[in-house]
Amino acid sequence: TQSNPALPSGHPFTNVQSNVYWSSTTSVVDTSNAWVVLFSSGYVGYDGKSYGDYVWCVRGGHGYDAY
């Protein structure tokens with residue numbers, strides 16, 4: 001039910017663009033594509049790696065702070 005950006009109200013993020021953001025996951029169907037999220041609508045799919053889309057750096061790991 002959210003749009004532009006498609007995030008819940010009260011989210012902690014700033015300067016979110018209503019555009020495509022890359023993930024680091026390559027599509028197994030076509031390795032020239034990577035999975036993306038379109039923040040204007042919440043669409044999740046894949047897009048060509050040659051396109052200039054946004055990136056959102058995230059920290060991977062255990063899901064908790066070890067220190």
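Numbering of residues begins at 1 and proceeds along the displayed sequence.
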Quick check on the hydrophobic clustering: are [X] and [Y] connected, directly or via other members, by side-chain heavy-atom contacts under 4.5 Å?
{"X": "Val36", "Y": "Val44", "result": "no"}
{"X": "Trp35", "Y": "Val55", "result": "no"}
{"X": "Tyr54", "Y": "Phe39", "result": "yes"}
{"X": "Val16", "Y": "Tyr43", "result": "no"}
{"X": "Val29", "Y": "Val37", "result": "yes"}

Legend entry - Audit row: Asp47, Trp22, side chain to side chain contact (heavy atoms under 4.5 Å, CB included) steps and yes/no: CA-CA 8 Å; Asp47 201 4; Trp22 291 111; 4.3 Å; yes
Legend entry - Heavy atoms of other groups near Tyr21 OH, more than 12 under 6.0 Å: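 Yes, the 6.0 Å shell around OH holds more than 12 heavy atoms from other groups.
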Inset, instruction - State, to 0.1 Å, how close Thr26 and Lys49 come at their nearest heavy-atom pair, and which atoms those are. - result: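 The pair with the smallest heavy-atom distance is OG1-NZ, 2.9 Å.
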